[in-house]
Enquirer: 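Encoded as structure tokens, here's the structure I'll be asking about.
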Amino acid sequence: MTDARWRLVAHQAAGDTVLVDLDPAGAEQRRHVVADAELTRWVRESSPGLRWVWNDTAAWYPALLADGVEIERCHDLRLSHAILQLSTLVTDPAELRAATAWAAAAPAPAGGDALFDLVDDRERLPDDIDEVQAEFDRQRRALESATQPDRLRLLLAAESAGALLAAELHAAGLPWHRPTHEALLEDLLGPRPAPGTLPREAQRLADEVRAALGDPHASLDSQPKLLRALHRAGIAAQTTNRWELTQYDHPAIPPLLAYKKLTRLLTANGWTWLDEWAAAGRFRPVYVPGGVVTGRWASSGGGALQLPRLLRPAVRADPGWVFVVADVAQLEPRVLAAMSRDTALANAARGTDLYAGIVAGGVVTTRQEAKIAVLGAMYGATTGDSGRLVPALRRAYPRAMGLVDDAARAGERGEAVTTWLGRTSPGPSERWRHLQANASDPEAPANAAEAARRSARDRGRFTRNFVVQGTAAEWALCWLAELRTRLRTLPPTDSTAAASGPVFGRRAHLAFFLHDEIIVHCPERDADAVTEAVRDSAAAAGELLFGGFPIDFALDLRISNDAAKS
DNA sequence: AAGGGACGCGCG
DNA sequence: AAAGCGCGCGTCCCTT
């Protein structure tokens, strides 16, 4: 064993892996060259607290999980590079920005069996020990000179923990009850149709629409053709979106809306999806940590971020296991209250319903108004009900509103904005700068000034939302990282969830994450301990980010055999 | 034939 | 029941 703080790991030619141990001061202690196949044993035998440093978690970790070992902590150089080279908290980012090999776009995440097919296709990050060590040194120097090093260190640790968790979520999967999903499809659509044909109920509705339009050949699936068919029937719609169609009183409209709903279910989450994504009793979406500019996770394949509420009943715990399902009520306005130190908004957020708190403060009269106003404030609404209500919020919560208004103005000027922990927005595009420059050019066309103003306002709404959405994502990452650590302390059980694999089949594990919601799959006997861990982790995340500032992060928590929403 | 853009709709 | 952020995906349609 060793007292190393960090262990850098990289590939070397001829099937060997190089490990370099660094002491807490960053000095090299020792170096090992081991066969690739031996890495699992080195992971298993490493001391607690060691932080593994590698180029890309998505490239290393799935194979280790498949081998039955977990990593406790890591430092993901790719994700950290992306944060540091943009962050306004880094005083001198020049050498990081010059290391362009580390600026590779997010690789296609490798999931289990697809790992080896994908590796060849990906843009390869440096994976040579000297390059890995050089980049780690650059990142350490950037942190040491940063204006808020503690915040950035927390962000990088949370981002890296998220990268571990993303691989673990894929490996564990979300328990999926195929019979429930199939029964739901058959209820709504009829029996699974032969390939190339519509399910019974979709066909019935299509016939009904065509009869009502008096147009036996009307196309319902092509937007331009459908629009023309509607016009021929005297329906003067400009688009075919759901909201606009409901405005028209015509017998073709109700069956058309029902048809659209059913074909959506069929194409997005029908039998084909079930075969492809939830075949073996688990839904295994591919999570992409840091995939959204704000720091939210993205997903690739399976539509992880779009799991329709309708299908929630198919999320079913294994026998002897249950779910602990938790989501944060109004995460973004709570985060805004804390980062702006707005005690009035924090008071409204005390307890479980921030919107009720705003009503109780006499700012608006109904909960619905409060919700519309808050969303409008964070998204930059200027018209409609939402736009009308925002000024009341501006009077009641000047600090919170001042923060988002400042962010919007900075964005309109083309400046960058930064989240609480130091993630900075990307700069404006070349096209955007060109539009702004054009506006003051006397030779420019007459509409140039208007185009420039519009794009400036568009960017202002982006930066306004960036600081809030991005800081909320940071809170969520800290919540996840804290919870992941706590769950690891629960002892294994005899009750197995075999489809969750060698690592997670015998222990409580995270099974799903979506921005502000988590699902933990755990043995029944652990449900109370997990619930407590979820609560404690949320409190810890609030403390980590906002110290002593009095802000509640209210959780909606339930223990259930399925994940249906109330 | 492949690929990009627009649209619509699911999620937060 | 809306117009305002961030996504992914399936379909259609047009370009290369």
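Letters A, B, ... are given to chains in the order of the sequence lines, protein chains preceding strands, and every chain is numbered from 1.
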Enquirer: For the base of dG8(B), is there a side-chain donor-acceptor partner from R242(A) under 3.5 Å away?
Expert: no

Enquirer: Just call it for A268(A): base, sugar-phosphate, or nothing, with non-hydrogen atoms closer than 4.0 Å on any strand.
Expert: nothing

Enquirer: R296(A) side chain: which of dC7(C), dG12(B), dC5(C) is closest?
Expert: dG12(B)

Enquirer: Assign each of P224(A) and I372(A) to its nearest nucleotide of DNA chain C by heavy atoms, then name whichever residue's nucleotide is nearer the 5' end.
Expert: I372(A)

Enquirer: Heavy atoms from C-beta onward define the side chain here; which of dG12(B), dC7(C), dG8(B) lies closest to that of V292(A)?
Expert: dC7(C)

Enquirer: Can you see which heavy atom on V293(A) is nearest to which on P426(A), and at what distance?
Expert: CG1-CG, 4.0 Å

Enquirer: To the nearest Å, how far apart are D405(A) CG and dG4(C) P?
Expert: 16 Å

Enquirer: Under 4.0 Å from OP1 or OP2 of dG4(C): is there any side-chain N or O of R461(A) that close?
Expert: no

Enquirer: Rounding to a whole Å, what distance do you find between F513(A):CZ and dC7(C):C1'?
Expert: 13 Å

Enquirer: State whether K260(A) places a side-chain N or O below 4.0 Å from either non-bridging phosphate oxygen (OP1 or OP2) of dG8(B).
Expert: no

Enquirer: Specify the separation, in whole Å, of atom CD of Q306(A) and atom C1' of dG10(B).
Expert: 6 Å

Enquirer: Measure CG/N241(A) against P/dG10(B) and give the value in whole Å, please.
Expert: 11 Å

Enquirer: Under 3.5 Å, is there any donor-acceptor pair linking the side chain of R264(A) to the base of dC9(B)?
Expert: yes

Enquirer: Is a donor-acceptor pair below 3.5 Å formed from side chain Q223(A) to base dG8(B), judging by atom type as modelled?
Expert: no

Enquirer: Within the structure, does a side-chain N or O atom of S222(A) lie under 4.0 Å from either OP1 or OP2 of dT11(C)?
Expert: no

Enquirer: Kindly check if the number of other-residue, nucleotide or ligand heavy atoms within 6.0 Å of CZ (R350(A)) is above 12?
Expert: yes

Enquirer: Under 4.0 Å between any heavy atoms, over every strand shown, what does Q368(A) touch: base, sugar-phosphate, or nothing? Just pick one.
Expert: base

Enquirer: Give T267(A) one of three labels, base, sugar-phosphate or nothing, depending on what nucleic acid heavy atoms sit under 4.0 Å from its own.
Expert: sugar-phosphate

Enquirer: Give a yes-or-no answer on whether the side chains of S87(A) and R423(A) include a donor-acceptor pair shorter than 3.5 Å.
Expert: no

Enquirer: H515(A) pairs by side chain to side chain contact (heavy atoms under 4.5 Å, CB included) with which of L331(A), L305(A), V292(A)?
Expert: L305(A)

Enquirer: For a quick check under 3.5 Å, do S340(A) and D342(A) share a side-chain donor-acceptor pair by atom type?
Expert: no

Enquirer: Both F462(A) and T246(A) contact DNA chain C. Which one's nearest nucleotide lies toward the 5' end?
Expert: T246(A)

Enquirer: Could you tell me how far apart E332(A) (CD) and dC7(C) (C1') are, to the nearest whole angstrom?
Expert: 13 Å

Enquirer: Base, sugar-phosphate or nothing for G387(A)? Non-hydrogen atoms, less than 4.0 Å.
Expert: nothing

Enquirer: To the nearest angstrom, how far is R423(A) atom CZ from dG6(C) atom P?
Expert: 15 Å

Enquirer: Looking at dG4(C), I'd like to know if its phosphate oxygens (OP1 or OP2) sit under 4.0 Å from a side-chain N or O belonging to T383(A).
Expert: yes

Enquirer: Would you mind classifying the nucleic acid contact of T240(A) as base, sugar-phosphate or nothing, using non-hydrogen atoms under 4.0 angstrom?
Expert: sugar-phosphate

Enquirer: Students often get this wrong, so: under 4.0 angstrom with heavy atoms, is L305(A) touching a base, only sugar-phosphate, or nothing?
Expert: base

Enquirer: Just verifying a value: how many Å separate Y259(A) OH and Q203(A) CD, rounded to the nearest 0.5 Å?
Expert: 8.0 Å

Enquirer: Between atom CD in E244(A) and atom P in dG8(B), what is the gap in whole Å?
Expert: 9 Å

Enquirer: Give one of base, sugar-phosphate or nothing for D385(A), where a contact means two heavy atoms less than 4.0 Å apart.
Expert: nothing

Enquirer: Output the rounded distance in Å from NE2 (H515(A)) to C1' (dG10(B)).
Expert: 12 Å

Enquirer: What does dG4(C) pair with, Watson-Crick or G-U, if both distances are under 3.5 Å?
Expert: none

